[in-house]
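Everything numeric in this text was worked out from a predicted model, so none of it was measured.
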4 protein chains.
Amino acid sequence: MTRELVSGGQHIHAPDDLNRLLQDIYDEAMTITSGKVADYIPALAEVNPDYCALTLATLDGEVFNVGDTKEHFSIQSVSKIFGLMLAMERLGDDLWQRVKMEPSGQAFNSIVQLEWEQGIPRNPMINAGAILVSDVLVSHYSASKNAVLSLVRSLCGNDKIYADHDVHLSEKEHGHRNAALAHLMKSFDNIESDVDELLDHYFWQCAITMTGENLARSFTFLANDGVCPFSKKEIMSKRDSQRINALLSTSGMYDQSGEFAFTVGVPAKSGVGGGIVAIVPDFGVISAWSPRLNDYGNSARGMFMVRELANRLGLSVY
Amino acid sequence: MTRELVSGGQHIHAPDDLNRLLQDIYDEAMTITSGKVADYIPALAEVNPDYCALTLATLDGEVFNVGDTKEHFSIQSVSKIFGLMLAMERLGDDLWQRVKMEPSGQAFNSIVQLEWEQGIPRNPMINAGAILVSDVLVSHYSASKNAVLSLVRSLCGNDKIYADHDVHLSEKEHGHRNAALAHLMKSFDNIESDVDELLDHYFWQCAITMTGENLARSFTFLANDGVCPFSKKEIMSKRDSQRINALLSTSGMYDQSGEFAFTVGVPAKSGVGGGIVAIVPDFGVISAWSPRLNDYGNSARGMFMVRELANRLGLSVY
Amino acid sequence: MTRELVSGGQHIHAPDDLNRLLQDIYDEAMTITSGKVADYIPALAEVNPDYCALTLATLDGEVFNVGDTKEHFSIQSVSKIFGLMLAMERLGDDLWQRVKMEPSGQAFNSIVQLEWEQGIPRNPMINAGAILVSDVLVSHYSASKNAVLSLVRSLCGNDKIYADHDVHLSEKEHGHRNAALAHLMKSFDNIESDVDELLDHYFWQCAITMTGENLARSFTFLANDGVCPFSKKEIMSKRDSQRINALLSTSGMYDQSGEFAFTVGVPAKSGVGGGIVAIVPDFGVISAWSPRLNDYGNSARGMFMVRELANRLGLSVY
Amino acid sequence: MTRELVSGGQHIHAPDDLNRLLQDIYDEAMTITSGKVADYIPALAEVNPDYCALTLATLDGEVFNVGDTKEHFSIQSVSKIFGLMLAMERLGDDLWQRVKMEPSGQAFNSIVQLEWEQGIPRNPMINAGAILVSDVLVSHYSASKNAVLSLVRSLCGNDKIYADHDVHLSEKEHGHRNAALAHLMKSFDNIESDVDELLDHYFWQCAITMTGENLARSFTFLANDGVCPFSKKEIMSKRDSQRINALLSTSGMYDQSGEFAFTVGVPAKSGVGGGIVAIVPDFGVISAWSPRLNDYGNSARGMFMVRELANRLGLSVY
C-alpha cells in the first residue's frame, strides 16, 4: 500500500485491522432495509433483496471479503466501463466527437437532453452514451461480444464470466426507452450500425454477471495508473486510466454523482443490479453489492459501505 | 512539496526548473489569440485582452510568477467559493437542504432547471446556487460584505483587497437574468431576504478584484486539508476542504467541468473575468489569468496554461 | 339574433326559453362542489367559494342573468384582453415582433419556454405575454392605468369599475414568479420600461373587479365584428376583433384551451378569480363566475355552465 | 352557399367571379419562390418545386380549380385526419385517455414533451399523436391499411387513391425519429401493438397520394356538419365533425397554428408534401399545394393562397 491508512485516529497496520473494519461496516449496513430491488425486468426483480457483499482489493495484492462476495450478480451499468475501454482503444480521441465528457444533470435514461444536443450524448456513463459506445463496438469489431467477454475475463482472471441469457432477453423485451435513445441518435446520424444489432450488444453487455470479488479485481488497474497489479500487464496508458477515473468522478453514480464526490470523494460506478465499484488511486478498489436501490438507482447498502470505508480510511482524492 | 514531480521524464529538483517550465508554458500561451473578452458589462469589456498571468504557489511556501501577476482583475465567479465557505460555516449541513451538490448539465445561468427542480439550485457554483448562498449571507451576517472582505483579505494576506465599484454597479444594472433567478427561487420560498438586497451582495461579491498571485495564495488551504500553509491557521476542517474540492471537480468550470476533469484532473474554478484557480491537493495552487474567453466562458489562455502545467507535472488526482 | 337557436331539438323562440335554460344549467352547476379557490394571495383566498353567476348578453341587446351576477369579483387574467387591445392600438403589427401568437403547450406561468425562445413570449394570454403587453402600455401611455380603466369603464358602461387595492398589493407582494418572467425578458432586451413600474401596472390590472353582467357586456363587441351592440360604437376593426377571438380560441383557457375548443368550440378567456367569458360570434357573450378552480386554474362550475349552454344552443364556431 | 360572400366591397354573385379571384391569387402566389422542398427522404426531394394548385370545393357542389390540381402528391400529415377519424369511431371517448387534445407549443416531431408528459402525446396532429392513432388502428382493425384506403377512396369518390410505394419505403428507412417516439410511448405502456408493425402503417399512411381536387372534395363533410355534400351520406356526427375542426384550429398547422388562426381563421391541416386543406364551416373546403416549405414546414405558396382567399372572401370563423 502506498497510502498510509488511519481510521478513527488509529493507524491501520495489519490485514486483521482491515478485516475487522470491513466486518463492522458490513454489520452496520445489514441494518439498512430501505430501498427497492430493480423491477423493470422480471429477471432482476427475482433477486434476493438481502444479499450483501463488500470487497476491498489492494494494490499490494490482498483481497478482503465480507458477506456474499462469491455470489454472481448482474453488473448492469458497471459494464459501461468495459465497453468504453474498447471504444477508446479503437477510436482514440475521435470517440469524443460523438459523445461528450460532461455530467448530464439529468436522469440516466433521459431523452430530453439528447434532443437538445442533437444526438450527442453527454457522456459514456449515461444510457445514451453507452448505447453510442455499443454502436462503435458493433461497427468496429467483427465479434463485439467476444471482444468484451475476453477483456472482462482477462481483467477478472476468471474464464467463466458470462452474460446471463434470461437477463439479456428480458432487457431486450423491456428496452423500449433505450430503443428510443438509439433511434433518436440514429436520426441525428450519430449511429452507424443497425439499431437492433447494437441494442442486442448493449443489452447483452448489461447482462454480464460476476461476483463482488471479480468486480473489485477487474478494476484494480484503474487504481494503478493502468497496470494490473496482479498480472503486471499494462491494460491502458496512465493518461487514459486517469481519464476514465475522471469520467467516473463526474458521471459515474447517476444523478447522485455530485453527492458521491462530495461525501466519498473517489471515482466510482454503480449498476441497477445493486453493484458499486469505487477506485482509490494508488491504493486499491472497493466493490459493494446489495440489490435494494435508493431513489437514484444506487444500492442503498452499497452506498453506505463504500462511503464508510472511504471516510474511515481517509481515501478521498480531494 | 509532498509530491515528487516529474516533467518529460526528468525529475524536477529545483525552483529554477519550475520557473523555466512556467515561462515555457506562458510563452506558448501567448501565441493563443482566440477567445473574446466578456462584454456583457462595459467595465469588463474595457480590460486589455492581452494580459496574461501564471502563478504557482506551493505548500512549502514558494510562489512562482510569470507575466502580469501583479495586475488586479475582477475574480467574478471565483468569488463563489468565498461565499460558500461562509455559508457552510454558518448553516452547516442545513445548507444542503436549500442547494444541491450535483453538476447541472446546463449553462451557468440557466433558469430551466431551476423551474423543474422547484427553486433548488443544482450546486453553489452556478449563478442560482451562488445567489442562494448570498441570501444565506445577507440573512445570517449583520454585515455580509464585511464578512466576505475580511475572509478574503485574511486568506490573501492582503488588507487592500476590495470590490470594484464600477464593476459592482455595472453588474447590477445588467443583472436582470440573475434577478430572474433570484425572484424564481423566492417564488419557491427558497429565498429569505429581500431580493434587491441579496442581489446587491451577489453583484458586489462578483466585483472583488485581486492579483493572480493573491488568488493563488488565497486558496492554498484547499490544497492543504484546510490549513493555510503560510499562517498555519486552520481555515476549515479537512472534511469541508475536501468537500469544496469535490464540488469544484464536478462543477467548477461551467459546462466544461467534465472536460476539465478529463484533461486536467484537479479541482478548479473559473470566472468570466478570465481568472482560473486550480487546487492540487498536497502540492499547491495554480492561478491563471487572461481575459479572452472560450465558448464556455473560460479563459482560453488560462485553460491552456493550467492544463499544460498539470499534465507536464503529472498533477491529476485521478 | 342572427343565429337560429335549437336546444334539444326544440327551437328557442322566446326570452323565457333562454331564461329557463340558463336557470336549469345554473341549478345543475350548483351541485358541483369540486375545485379549490385560488389561495396564492390572501385577498383571493377569502372569497366565498359558493358564489355562482351566469350571464348571457345577446347582440340584440338582451341580457339574461342567473345567480350572483351583481357581485363584484377579481377578473384577473381576463384583464389581459383589455391590455392587449390598447397595445394593439398603440403598436399595430409591430407588437407581434415582441410577442408571438402561438399556443404555449405549457402552464400559464412557465419560465422554461421563455428561456428557450429568448425572451419572446408565446402569446399575450400567458403571464409572460401579458407582462410584455404591460411594458408596452407603461412605455407608450403617460398614464397607463387610466388608459385601461377608461377603456374598461366605457366597454362595461359602468363608471365605477376599479381595481381592488388589497388584491393589487397582495399580488405585488407574492408576485415573484411574475417578476422572474419580467427580469428574464428584460435580460433578453424585450422589456423597455422599469421592471418594478411595469409589474405594478400588471398586478393592478389583474386586480380589476366587476360583476358577471359587466363582464358579459364589456366583450359583446368581440361577438359583433368589433362594434359595441349597445352604443353602436366601433371599438376596433373587424379584422382585429377576429384576431383577438383567434388568440382566445387557441390560448385563452390556460393549458385547457385545446379541450375547451374541442368540447365547447368558442373563443373564451378565464381568470383565477373564477371568471370566464366566452365569445359567440354573431350571437353574444356568455360570462360565468364561480371561485372554485379545477386543476388547470379554470372555474369548475364556470366550465360546466359555459359548455352546457354552448352545447345545448349549438354555438360552436366549428 | 349558405354564406354571403363579399370581396373587396363587391358581392360575389357568380362562379365566374370566384374563378377570377382564384386565378388572381394563384398568379400572385406564383411569384413566391422562397421555401425549400422537403428533403428528408429522396422520394419527396425529387418533386418539381414549381408545382402549384388551388382548389375550392363549395357545399353546393361546385369545384373551382386553378393550376396543377390534377397532379398527384404525397399528402403526408394531412393523412393524420383520416387515421383519427377511424380511431375515434373505434375507441370513442376512450381515445382521449391515450392522447390529449392540447396544442403542443413544440415542433411537430419533438420528443421532449413526450418524456415530460409520460408518453401521452399532446394531440393527434403531431407525429407522436398520429403514431399513437396508428397503434389504435393496427390493434383494432384486422387490415388497418385497407380500412384507411377504403375510407379515403370513398371520401374522394376516387377508387384509384393509393399510397406511393417508394415514399412508403423511403419514410421507413429514414424514420428513426418517429421510431424513437414510438418506442418512448411503448416504454410508457401507451402502445399496444408491435412497434415495427404500427410504424409500417404510419409511414404507409403518410405516403398516400392524391390530387388537390381529391383533397378538397374528401374533406367537404367537415364543412357540412359531418355530411358529405356530394353523396349526402353522414360520415360522422355533427359533434365529432366540430371536434375535428376544433383540433385542426388549435393544432393543425404545426407550430404556426396560432398564427394561422390569427391571420386566416379557419380549421386547417398541412403536410410536408406541400399540401394544405382548409375547412370553412357552412361554405366549403380550400385545398392548396406547392412543394416549397417555409421554416415551419408549411407550403409557402399554399399559406399565401389559403390566407388570401379566406381574407378576401371573409371566411374567418371568428
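- Nearest heavy-atom pair, Ile276(A) versus Gly302(A), reported as atom, atom and distance to 0.1 Å: CD1-C, 3.6 Å.
- Contacts with chain A were tallied for Glu259(B), Gln256(B), Lys100(B), Glu102(B); Glu102(B) has the most, counting heavy-atom pairs under 4.5 Å.
- Once rounded to the nearest 0.5 Å, the distance linking CE of Met305(A) with CD1 of Ile286(A) reads 10.5 Å.
- Side chains of Ser77(B) and Tyr254(B): a donor on one and an acceptor on the other come within 3.5 Å.
- Of residues 238-248 of chain A, those residues with a non-hydrogen atom less than 4.5 Å from any non-hydrogen atom of chain B are, in numerical order, Gln242(A), Arg243(A), Asn245(A), Ala246(A), Leu247(A).
- For the side-chain hydrogen bond (donor to acceptor under 3.5 Å, both in side chains) test, no residue two or more places apart in sequence or in another chain qualifies with Arg217(B).
- Close approach to chain A, defined as a heavy atom under 4.5 Å from one of its heavy atoms, is seen in no residue of residues 218-226 of chain B.
- Under 4.0 Å is where a charged nitrogen must lie from a carboxylate oxygen, and between Arg307(A) and Glu28(A) no such pair does.
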Does the pair Arg122(B) and Asp255(A) meet the rule for a salt bridge (charged side-chain N to carboxylate O under 4.0 Å, His left out), with working shown?
CA-CA 11 Å; Arg122(B) 276 251 142 188; Asp255(A) 203 15; 2.7 Å; yes

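- Distance CG/Asn190(B) to CD/Gln97(B): 10.5 Å, rounded to 0.5 Å.
- Here OG of Ser134(B) is found 10.0 Å from CG of Asn127(B). Values are rounded to the nearest 0.5 Å.
- Annotation: residues 81-95 of chain B contacts chain A through no residue [non-hydrogen atoms, separation under 4.5 Å].
- In this structure, the separation between OG1 on Thr263(B) and CE on Met303(B) is 6.0 Å, given to the nearest 0.5 Å.
- Within the model, atoms CE of Met101(A) and CZ of Phe262(B) stand 4.5 Å from one another, a figure rounded to the nearest 0.5 Å.
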Would you check, one step at a time, whether the test side chain to side chain contact (heavy atoms under 4.5 Å, CB included) holds for Val227(B) with Lys233(B)?
CA-CA 6 Å; Val227(B) 177; Lys233(B) 239 178 64 181; over 6 Å; no

Step by step, would you call Asp135(B) with Arg98(B) a salt bridge (charged side-chain N to carboxylate O under 4.0 Å, His left out)?
CA-CA 11 Å; Asp135(B) 176 54; Arg98(B) 294 178 55 196; 2.7 Å; yes

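- Residue Val317(B) comes nearest to Pro281(B) through the heavy atom pair CG1-CD, 3.7 Å, listed as atom of the first residue, atom of the second, then distance.
- Only the backbone of Ser104(B) has a heavy atom closer than 4.5 Å to any heavy atom of chain A.
- Listed options Gly265(A), Ser251(A), Ser257(A) were ranked by heavy-atom pairs under 4.5 angstrom with chain B; first place goes to Ser257(A).
- Rounding to the nearest 0.5 Å gives a distance of 6.5 Å between CG of Asn123(A) and OG1 of Thr250(A).
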